[in-house]
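This report refers to the structure that appears directly beneath it.
If you're wondering where the values come from, they're calculated on a predicted model, not measured in any experiment. So you know, we letter chains A, B, ... as the sequences are listed, proteins then strands, and number each from 1.
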Protein chains: 2
Amino acid sequence: MAKPVIRSYSRYAREAAELLGHMIRTARTERALTVADVAERAGTSRGLVHRIEKGDMGCSIGAAFEVAAIVGVRLFEAEPATLTRHLAMSRDTLSLLPKAVRAGTKAVKDDF
Amino acid sequence: MAKPVIRSYSRYAREAAELLGHMIRTARTERALTVADVAERAGTSRGLVHRIEKGDMGCSIGAAFEVAAIVGVRLFEAEPATLTRHLAMSRDTLSLLPKAVRAGTKAVKDDF
DNA sequence: ACGATATGATCTATAAATGGATCATAAATA
DNA sequence: TATTTATGATCCATTTATAGATCATATCGT
């Protein structure tokens, strides 16, 4: 009884996915790798890599990020070591935040 | 006859997903939004938002990016307008690249 | 221009993600 | 501390993503 997945995406989300796909394709091409090459390295199929490069919203974030890593796209503009460090910091930050949010603050804060 | 999805992810990909999840949770908490609130706004379920915040590799990139957009996480460190501009540029860049890669270059270029 | 090959698309069966409900626990506020 | 509520986890039914094969076309190298 699962509802169909998200029907409408925000423009921001759609463009972000498309941009990621473009970055992957650009990086792959620069490295002279074929779609099939990348797919094999990632342990996925040619079709999936293709969909990722098109910015398909349905593909898994794991597959997309893995392919990005393989062709050398820097996620969050961070090198591997940097990313690891940022992650460590974010873990600390999280531990300082409240573990649960009280909905009482009904004044929705979407002023960003 | 589909092979089980990618069995092993690279550390980089895994950490990127986890970091994104952390950023989402941090942003959500700062805006005093409940998991249920965000799920409703995204048109998804509470469980999915939860998995996204944990950095689950299996959730769709569409859902993850949508939730990120809702809580105000900047993907690729870009504001909406900036992202749109970058995307436009990337489209041009892509049109300049070769449309197909010749595997002949068997000297794999993974020196990055 | 020709031949070889990468890309893009479509189809089917299967694996996996998701929604929705439910339960237990943790955590926030009065 | 008590009470209320958010969170985290699990289960099942259903939708959806994915692999793999195949075909048509575009594109590259010669």
What nucleotide among [options] has an atom nearest to a side-chain atom of [X]?
X	options	value
A:R46	C:dT18, C:dA16, D:dC23	D:dC23
B:R102	D:dG29, D:dA19, D:dT5	D:dG29
A:H50	D:dT7, D:dG8, C:dT7	C:dT7
B:S45	C:dG19, C:dA28, C:dA9	C:dG19

Look at the side-chain N and O atoms of [X] and state whether any lies under 4.0 Å from the OP1 or OP2 oxygen of [N].
X	N	answer
B:R25	D:dG8	yes
A:S60	C:dA17	no
A:K99	C:dA27	yes

Salt bridge present between B:E66 and A:R14 (N-O < 4.0 angstrom):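 No, B:E66 and A:R14 are not salt-bridged.
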Basic-acidic side-chain contact under 4.0 Å: B:E18, B:K54: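 Salt bridge flag = no for B:K54 with B:E18.
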Rounded distance in Å - [atom1] ([X]) to [atom2] ([N]):
X	N	atom1	atom2	answer
B:I61	C:dA16	CD1	P	20 Å
A:L94	D:dT7	CG	P	13 Å
A:L33	C:dT7	CG	C1'	15 Å
A:D56	D:dA17	CG	P	7 Å
A:K54	C:dG8	NZ	P	9 Å
B:E40	C:dG20	CD	P	11 Å
A:L48	C:dA17	CG	P	12 Å

Note, A:L97 side chain near A:L94 side chain (heavy atom, < 4.5 Å): yes
Residue met sooner reading DNA chain C from 5', once A:L97 and B:G47 are mapped to nucleotides: B:G47
Given DNA chain C, 5'-ward residue of the pair A:R28 and B:G43, judged by closest heavy atom: A:R28
5' priority, DNA chain D, between B:T34 and A:M57 [closest heavy atom]: B:T34
Contact nearer the 5' end of DNA chain D, comparing A:G58 with B:V101: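 Looking at the nearest nucleotide for each, A:G58 comes out on the 5' side.
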Mutual orientation of the aromatic rings belonging to B:F76 and B:F65 [parallel < 30°, tilted 30-60°, perpendicular > 60°]: perpendicular
Worked check of side chain to side chain contact (heavy atoms under 4.5 Å, CB included) between B:L75 and B:L20: CA-CA 9 Å; B:L75 272 352; B:L20 176 59; 4.1 Å; yes
